[in-house]
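The structure appears below as structure tokens.
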Amino acid sequence: MGVPCQDAFAFQSLPLGVSFIAVADGLGSATRSDIGARLAVNIAVETALASLQNDNAKSPLTDIVKVAAGEARNGLASRASADGCLVRDLACTMIAVVLKPDEIAVAHVGDGGVVAQTERGLQLVSGPGSSEYANEVVPLTSDGWEQSLEVVHFVSSIGAVAVFTDGCQRAVFRKSREGSVPFEGFLNPIFDYISQLPDCPEAEQEISALLRSRKLCANSEDDKTLVVAVIRRN
Amino acid sequence: MTRLEDKIEIANPTQPHCALVLLLDISGSMKGSKIEALNAGIQTLKNEIARDELASKRVDLAVVTFGDGVKVIHDFSAVEDFDPPVLNAGGPTPMGEAIQRAVEITEQRKEHYKAQGIDYYRPWIFLITDGEPTDMQPGEAFWTEITKLVHDGEGNRRFTFFAVGVPPANTRLLNRIAPPNRAAVQLTGTFREMFLWLSRSQATLSASKIGEHVALETPMAAGWAQVSS
């Protein structure tokens, strides 16, 4: 409809079994949020990678994701002043994830979420913020972003992880009194299917086709991003 | 169908909802062309929202009138079931009581959404009047109660409150009722233009994510209103 996709994601896997994933959802109300989201995920992943390489993996993972989100925020501010626009013109959410086979760290501002498949079934690692209304979020560009920043350290034997923007939320979460509950009927078939595929390009095609499918688009007109990481243990 | 699409189910296939209350002055002074334009405007709103595929699934409309008493003449419904009776003008302007009623049904609607597990947007209360309240005056306890209800409700983000004055509305008083962050506007265009804008705003809202500021076209930019003084 003439509006660019305002979601963006970036990821990087290292040979030592460490992966970084960042997803961002540019706000529909911000004029250049597609640029903001793209910039934010690139900076987050580069920052996380650099932190890990610089300190020989001594920092806690939570520090790595916190710094990644903070640098993404700084990057948006610099870009706004370089381009002569307001930082809120670049408004986007941010989920920065560091993933190891037995732990996950997440820095999260805004909606979307992270769900892990574990021996105890699906576990919510980080969920959408507690905003009452469906379309209101605190973005990374807001002045109060640090108060809204959720940092999570999740330890468990992990089979697979899904990181997604709010366009997938109604597919992923059941509503209950306790809040958002990950739904097996959506995520388990994806995890099972993707883990049987031999390589990334084929998995990417399948996820991309799913996100464009009628079943998903009937439930959300929003941009949708779903990053699936499968841990292979040999 | 893709292979993966066949395997998955959607956790929560309901649409998020967007509640809109039309809070309408149908007192005696609205008689004649104004009430006709208002009736036509409501139909325009219904038709425009119905034409928008997404908004038609998400917007719930209710109508509260004040004139010969305060009435919820149409409780919340989807646009396809929205069929309010033709409005007839008459009576005084019990605006205070009407505002109270509109806030009440808005809160009830949110409770209903919560109980059903339906996501929702911040509701809108859209007041249109050509006069001034006859059931409250500045300085009275009821005036204080009602203006506090509006200002706190807007301030605490319980709803979004718009006040539109149709000439010869007392816009000075209307502005004291309207929330401080959203001044009352004065209708300078047609009712039709106003209702077209309202339907566009609902379509934009029900399809977007707005964050810290709302990128809606203002009534002034849309050309049907000016800021009242």
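Chain naming here is simple, since letters A, B, ... match the order of the sequence lines and numbering starts at 1 in each.
- Atom CZ of B/Arg182 sits in a crowded spot, with more than 12 heavy atoms from other residues, nucleotides or ligands closer than 6.0 Å.
- B/Lys114 has its side chain within reach of A/Glu132: a pair of non-hydrogen atoms, C-beta onward, lies under 4.5 Å apart.
- Between A/Arg174 and B/Asn12, the closest side-chain pair of non-hydrogen atoms is not below 4.5 Å.
- One distance of note links CG of B/Asp6 with NZ of A/Lys215; it measures 6.5 Å at 0.5 Å rounding.
- B/Leu4 contributes atom CG, which lies 11.0 Å from atom OG of A/Ser208 (distance to the nearest 0.5 angstrom).
- Residue-environment remark: CD (B/Glu145) exceeds the threshold of 12 foreign heavy atoms within 6.0 Å.
- In terms of heavy-atom pairs under 4.5 angstrom with chain A, the leader among B/Lys57, B/Glu9, B/Gln15, B/His17 is B/Glu9.
- In terms of heavy atoms, B/Phe159 sits closest to A/Tyr133 at N-OH, 4.3 Å.
- Taking every heavy atom of both residues into account, B/Thr14 and A/Arg170 meet most closely at O-NH1, 2.6 Å.
- Within a 6.0 Å radius of CZ in B/Arg200, more than 12 heavy atoms belonging to other residues, nucleotides or ligands are found.
- Dense packing is recorded around CZ of A/Phe183, with more than 12 heavy atoms of other residues, nucleotides or ligands lying under 6.0 Å away.
- Most heavy-atom pairs under 4.5 Å with chain B: of the set A/Gly110, A/Pro182, A/Cys168, A/Pro189, this distinction falls to A/Pro189.
- A/Glu136 and B/Tyr121 share no side-chain donor-acceptor pair at under 3.5 Å.
- Looking only at atom types and distance, the side chain of A/Tyr193 has a donor-acceptor partner in the side chain of B/Arg3 under 3.5 Å away.
- Here the straight-line distance linking atom CZ of A/Phe173 with atom CG of B/Asp119 works out to 11.5 Å at 0.5 Å rounding.
- Heavy atoms of other residues, nucleotides or ligands lying less than 6.0 angstrom from CD of B/Glu80 number 12 at most.
- With a 4.5 Å cut-off on non-hydrogen atoms, A/Arg214 touches chain B through its backbone and its side chain both.
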